[in-house]
Amino acid sequence: MRAVPELPEVEVLVRHLRPLVAGRRVREARVHRAKSVRPDSATVFQTRLRGARFLDVTRRGKYLCFTVRPAGSREGRLLLGHLGMTGRMFLQPRSAALPRHAAVTLELGRERFVFQDPRCFGRLTFDAAPLERLGPEPLGEAFTPEVLGRALARSRRAVKPCLMDQSRVAGLGNIYASEALWVARVAPQIPAARLGPRRLRRLWAAIREVLAEAVAWGSTVPLNWAGGEGGDGLFYYGRAPDTPDYYQERLRVYDRAGEPCLRCGGRIRRVLQAARATFYCPRCQRR
DNA sequence: CACCATGTTCCTTG
DNA sequence: CCAAGGAACATGGT
């Protein structure tokens, strides 16, 4: 299974990066693939970052929010990062060779910050517009069963694709949407607006549980991957060195088609919804 | 070798 | 104008 970053992976990465980059100055910024900084121009991007100082890193949905203060400026600016499907961000010694598919590199002195992205679905840009389209933070205090209910009420789509709509709830992707529905014992095909208060509350709790648990697990694994080849061996917390599939075992339905349900023994099914794979147990996730 | 997987944006359709 | 659905994007893996 290939790990695609969703909210927990981004949160873990943000916590990892914060102490590494906060306070560091960018001596030189290099855009190796112009597409990765769109809609910024590579020139503007490089100029704006040269001499800038990193102040902080936070997260919103699946976005990394770097606060940087450009040289000669008094106020911080938002630099938005998104990993897409295959994006990675890490530091490497400045003497190390650039990894394949390096999209953007920032020379920090002894170290180099690398944004690597083989598929170019990710972004690192000063365009913060995407943030405005995001729904509530599922792990935030403002996220209540009522808020979830309102987000889902105005849709007749099936609940699973709805959960992946970033304007309704920010941060759930294909994996954790399936996981949350399984924990909540809610069938993925149910029209979102049809969820009653009981199932709504179960789903709300499941979303928070699944995400918080993943963040907690991810945070226990050291992120020591530095961009070498064969990097799939260690995604953000893909696998601890001596425990293969460390992370994979955390997933309870995703990618387990044909296997027995861990709760009722039913057979896990794989179906397509909105051209994306959904995994669920038809026996204990009732419609 | 053809096709699949994935998140987001953009376009088309209803 | 809005909701919904599908294509496009890019490319390593199967």
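In what follows, every chain begins at residue 1, and chains take the letters A, B, ... in the order their sequences are listed. If you're wondering where the values come from, they're calculated on a predicted model, not measured in any experiment.
- When each of A:Arg30, A:Arg25, A:Arg24 is tested with A:Glu107 by the rule salt bridge (charged side-chain N to carboxylate O under 4.0 Å, His left out), just one qualifies, namely A:Arg30.
- Using a 4.5 Å heavy-atom threshold, the side chains of A:Leu98 and A:His32 count as touching.
- Nearest to the side chain of A:Arg157, among C:dA3, C:dT11, C:dA4, sits C:dA4.
- A donor-acceptor pair under 3.5 Å is absent between the side-chain atoms of A:Ser73 and the main chain of A:Arg69, judged by distance alone.
- In this structure, CZ of A:Arg119 is placed 15 Å from C1' of C:dA8, rounded to the nearest angstrom.
- Across all strands shown, A:Arg33 has heavy atoms under 4.0 Å from sugar-phosphate atoms exclusively, and none from any base.
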Ignoring hydrogens and angles, write down the donor-acceptor pairs under 3.5 Å from the side chains of residues 123-130 of chain A, residues two or more places apart or on other chains.
residue: A:Arg123; atom: NH1; partner: A:Cys120; partner atom: O; Å: 3.4
residue: A:Thr125; atom: OG1; partner: A:Asp40; partner atom: OD1; Å: 3.3
residue: A:Thr125; atom: OG1; partner: A:Asp40; partner atom: OD2; Å: 3.2
residue: A:Thr125; atom: OG1; partner: A:Asp127; partner atom: N; Å: 2.9
residue: A:Asp127; atom: OD1; partner: A:Ala129; partner atom: N; Å: 3.1

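- Between the P atom of C:dG5 and the NZ atom of A:Lys160 lies a distance of 13 Å, rounded to the nearest Å.
- Taking each heavy atom of A:Gly76 and A:Thr67 in turn, the nearest pair found is CA-CG2, 4.1 Å.
- Both A:Ala274 and A:His101 lie near DNA chain C, and the one whose nearest nucleotide falls closer to the 5' end is A:Ala274.
- Through chains of ILVMFWY side-chain contacts below 4.5 Å, A:Leu78 is grouped with A:Tyr63, A:Leu80, A:Leu131, A:Leu134.
- One finds no side-chain N or O of A:Thr86 lying less than 4.0 angstrom from the OP1 or OP2 phosphate oxygen of C:dG12.
- OP1 or OP2 of B:dA5 lies within a sub-4.0 Å distance of a side-chain N or O belonging to A:Arg270.
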- Contact string for nucleotides 7-14 of chain B, one letter per nucleotide 5' to 3', B = base within protein heavy-atom range under 4.0 Å, S = sugar-phosphate only, - = neither, reads BBS-----
